[in-house]
Amino acid sequence: MTDILKDLNKPQQQAVTTTDGPVMVIAGAGSGKTRVLTYRVAYLLSIGIAPYNILALTFTNKASREMRERVASLIDPSKAKSLWMGTFHSIFARLLRAEAPKIDYPSNFTIYDTDDTKRLIRNIIKEQQLDDKTYSPAYVLSRISHAKNNLISVEAYNEDFEIQTQDIQSRKPKLGLLYSIYQQRLRKASAMDFDDLLFNTNVLLRDFPEVLYKYQQRFSYILVDEYQDTNYSQYLIVKKLAANNENICVVGDDAQSIYAFRGANIQNILNFKKDYPEYKLFKLEQNYRSTQHIVNAANGIIANNKDQIFKKVWTSNEAGEKVHVVKTANEGDEASWLTSRIFSIQANDQLPYSSFAILYRTNAQSRALEEALRRMNIPYRIFGGISFYQRKEVKDVLAYFRLIINPMDEDAFLRVINFPARGLGQTTVSKLLSVANDTGKSLWEVACNPTDYNAGLHAGARGKLEQFVTLIKGFGALLFKVNAFELGEKVLNLTGIRRFYFEDGSAESINRRENIEELLSGLKEFVSARPEEEGETEHSMRTLDEFMQDIALLTDVDVKEKRQNNTSDDSNKVSLMTIHAAKGLEFPYVFITGAEENLFPSIMSIGSREELEEERRLFYVALTRAMKLATVTYAETRFKYGNFSFCEPSRFIDELDPEHTNFLAGPGMKKVQTKTIDDFGNGLARFKKLGHANQPTKKPEQITSQKLVNQHPPHQTKNNLTPDAGQTDFSILTPDMLQINTMVQHQRFGTGTVVGLEGGAQNAKATVVFKNFGKKQLLLKFARLKVISQQ
DNA sequence: AAAGCGGTACTTTTT
DNA sequence: GTACCGCTTT
């Protein structure tokens, strides 16, 4: 072990071997931060610390996975397995499951993601009959989230004079009420959102000293990665757990804090000094990643920030090329200029396309870039977008899983009760909802005994509801009897989801089908990938319940990683992503696009110094991703929200030191000018300071373009037959003329075969598979089907 | 039940 | 420009 210390420079070595007492490591970009963390863990193990006594907290699953793998390669892999290493959320979700009853939650509580949460909030706003412009779900959520991250409970929120005044002044006096109802509903559903995982951990550690003591003993060595990104709630958990022996090591870089908008608090770095006066500070200042010009240009940028910890990042790498700055006429030119540039560099230097990254401030910018890359036939990979687990079809299946595991889960219940359609529509659901709200019972409870609660359902609805309840109960009985994959298969088959997506031939359905297949193979992998862990009996089997716990805190990136490992051919592609997504990554050639005022820095952030400094740190992060060459591009005009707008070059371009910058002539362009925290108390003060969102002070200069001439003539699609387009009369049919297998003709969908019939009289419905349009459910009252042939 | 229409709003987002 | 929502029509 001692010889691996040779891989480290002096301050890195100190950061690794100073194991006892509080340690803070300020790690400049590219200075080997991850290396220090992994070596420190390996070092602790090598001096005899038991792996289960080490708690290592990261912000992403990816970071924790990488760290675990790297530790495993340095030392005994079996030891690496029993480390407490993971994201804040996953580690404390695990802890909460073990201790849930203490805070009145069942241990099978559901974790709501942002999507579920938004649905719930939207429903509450609607129920309260509030205007969803004043109370936009996104705003309400961010307000609640900020409160929770600063440990302000519902009670504290509603009792606090200043917060109340603020809300009244901004004419949103009901925020406190919404917060209160939201928390009630989560609890009723036995659900926690992401912020609750941390909030409730704080409650647990505050109210149960014996629990706190237990975990203080267990986690005798604590490491925290990306400390600059911790919020108050996370900060306090760490502080409490470390209070006993203070063997705590935090690693971060204040210059790379780019998540303050989500509640991260750089103050936590500065507070470290106060909390642990005898702490040791190590600064990693040697950059191993970038050229001198890049490092110096980046230093020059960050020097414009007032809030920072002094450090001098330097490198012994070659001087390299100056940072390039290029001006183009518009976003199309920008895209094609940089695309041909990438093409020529890779051709000249025989580089794989994976050496290049194109970064942008907002996802919307990717389109023009993608188009240019496609035109040039350059392979690329785009990061971000809709997460696998967020896709509708995947969420639908997962909602069944959630309901099986936790029938109290209201969001899941509402999501699946009529999917696939089983005649339990809006009317039935609102009846159930009103009973549930009136009696305070869960929807599930009411659905199980509709008669007892006088839900007022018709016999038909009652029958269907009973079928549905029985179906879910049946799955529930199997939860611990069959493995996750088998149960998943049963759910797909017996609920009709499989039929719903698989009999339909439309392109969209094929896509959805593939995603469902992917989910299934995920289940299969999960049940078969039983790692050789200690204490396994032949009975051991991985259940759906475990699967859901596993994926609850996974994100898009994690799924992609997995897929990538399977497919492999992604190595030769240009990477496109937001700067946020690029954090922690490095590329030989980096293009930073859209360096324009109001875009980067974002118009939303130019109102306050704090927010502007965050944008600047973002620019710093972008620059320091580059190993060999960083190129900054901007456009004179950009098509935004359907309008052309004129753009000013970003102020960050002016801040680039000319000594390290090369202003290239773009396509036909001229040059540019050049305290002791008493638990929940302190959060209140911090929260108030935050106040409400800043109003933008400046409007982008915009001209309204005369609308471009509509490119398509008024359409005359072939499928858009009018009744008089040579078709015979479509008479209204009565259901009894149809049977399974009847061939029918539809005005728009053409010919098809009846595969199902339901309902009678007014609401008779037929399920028809059309040759060209796939499966449709049609209300016969409107569909005007014509019988072509029987049988 | 599903499609079509018109109005509206829009950053970043590890969990 | 487009994605999304709610309302209307079939």
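Convention: sequence-line order gives letters A, B, ...; per-chain numbering from 1. All values below come from the heavy atoms of this structure, side chains included, with hydrogens, waters and symmetry mates left out.
We find that the ring of F261(A) and the base of dT11(B) do not stack by the test of centres under 5.5 angstrom and planes tilted less than 30°.
In this structure, N598(A) places its CG atom 15 Å from P of dT12(B), rounding to the nearest Å. What separates CD of Q365(A) from C1' of dT12(B) is a distance of 11 Å, to the nearest Å. Distance CZ (F619(A)) to C1' (dT11(B)): 17 Å, rounded to an integer number of Å. dT11(B) atom C1' lies 7 Å from atom CE of M604(A), rounded to whole Å. Atoms CD1 (I603(A)) and C1' (dT12(B)) sit 15 Å apart, rounded to a whole Å. Rounded to an integer number of Å, the gap from F383(A) CZ to dT12(B) P is 17 Å. In this structure, CD of E226(A) is placed 15 Å from P of dT13(B), rounded to the nearest angstrom. The separation between Y360(A) atom OH and dT13(B) atom P is 9 Å, rounded to whole Å.
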N/O contacts under 3.5 Å, protein versus nucleotides 2-5 of chain C?
{"unit_1": "dT2(C)", "atom_1": "OP1", "unit_2": "R367(A)", "atom_2": "NH1", "d": "3.0"}

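Along DNA chain B, the nucleotide nearest H89(A) and the nucleotide nearest E614(A) are compared for position; the residue whose nucleotide lies closer to the 5' end is E614(A).
Among the heavy atoms of the strands lying under 4.0 Å from D229(A) is at least one base atom, whether or not backbone atoms are also near. Within the nucleic acid shown, S136(A) has no heavy atom closer than 4.0 Å to any nucleic acid atom. If you check every strand for non-hydrogen atoms under 4.0 Å, F88(A) touches nothing. In this structure, N418(A) reaches the sugar-phosphate backbone alone: every heavy-atom distance under 4.0 Å involves primed, P, OP1 or OP2 atoms, never a base. Looking at heavy-atom distances under 4.0 Å, T114(A) makes contact with a base.
Q549(A) contributes atom CD, which lies 7.5 Å from atom CD1 of I111(A) (distance to the nearest 0.5 angstrom).
Heavy atoms only, all atoms of each residue included: L95(A) and L204(A) are closest at CD2-CD2, 3.6 Å. Residues E615(A) and P601(A) share a closest heavy-atom pair of OE1-CA, 3.2 Å.
As the counterpart of dT11(B), no nucleotide is assigned, since no Watson-Crick or G-U wobble pattern has both distances under 3.5 Å.
Classified by interplanar angle (parallel below 30°, tilted 30° to 60°, perpendicular above 60°), the ring pair Y105(A)/F109(A) is perpendicular. In this structure, F261(A) and H580(A) have perpendicular ring planes: the angle between them is above 60°, well past the 30° mark.
For A421(A), counting side-chain heavy atoms from C-beta on, the closest listed nucleotide (dT11(B), dT12(B), dA1(B)) is dA1(B).
At least one donor-acceptor pair closer than 3.5 Å links the side chain of Q365(A) to the backbone N or O of T362(A).
When each of E331(A), E648(A), E597(A), E596(A) is checked for a salt bridge (charged side-chain N to carboxylate O under 4.0 Å, His left out) with R638(A), only E596(A) meets the rule.
Residue N363(A) has no polar side-chain atom (N or O) positioned under 4.0 Å from OP1 or OP2 of dC10(B).
Heavy atoms from other residues, nucleotides or ligands lying under 6.0 Å from NZ of K395(A) number more than 12.
On a pure distance criterion of 3.5 Å, no polar donor-acceptor pair joins the side chain of R361(A) and the base of dT11(B).
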